[in-house]
Student: 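Okay, here's the structure, questions in a sec.
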Amino acid sequence: MKQYVFSFYTEQAKHVVREEAILADGMMDAFVKAKKLMKTYEKELGTPIRVQYKGVRYRNIDIA
């Protein structure tokens with residue numbers, strides 16, 4: 001599995017609310033999870049949230 005990194009920020013001053021590494025099987029799965037997080041943050045803060053895709057991190061898996 002890969003970790004897709006997204007930044008969540010408010011529209012006013014590009015204030016970064018959070019940067020999340022979302023564990024997902026593919027890009028579409030990561031975007032669906034990011035959209036759910038965006039809706040959660042909008043409810044918490046009461047202001048529109050924007051999402052920016054940052055990149056992919058590959059998770060090391062121990063097989064031992």
Side-chain angles (χ1 to χ4, degrees):
M1 289 189 123
K2 301 173 194 169
Q3 292 179 343
Y4 294 86
V5 181
F6 292 91
S7 287
F8 296 87
Y9 60 91
T10 58
E11 291 181 339
Q12 286 84 10
K14 292 226 175 192
H15 176 259
V16 174
V17 176
R18 283 211 164 149
E19 192 165 295
E20 294 280 341
I22 298 172
L23 193 62
D25 291 323
M27 185 66 80
M28 286 303 295
D29 186 30
F31 281 126
V32 168
K33 290 179 179 181
K35 189 171 183 177
K36 286 180 185 178
L37 278 173
M38 180 185 73
K39 296 294 182 189
T40 302
Y41 294 150
E42 283 180 345
K43 285 180 184 177
E44 286 178 6
L45 297 173
T47 183
I49 301 290
R50 294 283 188 187
V51 180
Q52 182 180 12
Y53 173 70
K54 301 284 274 190
V56 176
R57 283 190 284 189
Y58 294 92
R59 196 173 91 170
N60 293 335
I61 301 173
D62 292 336
I63 302 177

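One is the number of the first residue; the rest follow in order along the sequence.
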Student: Roughly how far apart are Glu44 CD and Leu37 CG, rounded to 0.5 Å?
Tutor: 9.5 Å

Student: Which residue, Gln3, Lys33, Lys2, forms the side chain to side chain contact (heavy atoms under 4.5 Å, CB included) with Ile22?
Tutor: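 Passing option: Lys33.
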
Student: Under the side-chain contact (heavy atoms from CB on, under 4.5 Å) rule, collect the residues that match up with Tyr53, sequence neighbours excluded.
Tutor: Tyr4, Phe6, Met27, Val56

Student: Taking all atoms of both residues into account, what is the closest heavy-atom pair of Val51 and Met38, and its distance?
Tutor: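 Looks like CG2-SD, 3.6 Å.
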
Student: Quick one: side chain to side chain donor-acceptor pair (under 3.5 Å) partners of Thr40, sequence neighbours excluded?
Tutor: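 For Thr40 there are no side chain to side chain donor-acceptor pair (under 3.5 Å) partners, ignoring immediate neighbours.
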
Student: Residues two or more places apart in sequence or in another chain: which of them pass side-chain contact (heavy atoms from CB on, under 4.5 Å) with Lys54?
Tutor: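 Partners of Lys54 under the side-chain contact (heavy atoms from CB on, under 4.5 Å) test: Val5, Ser7, Glu19.
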
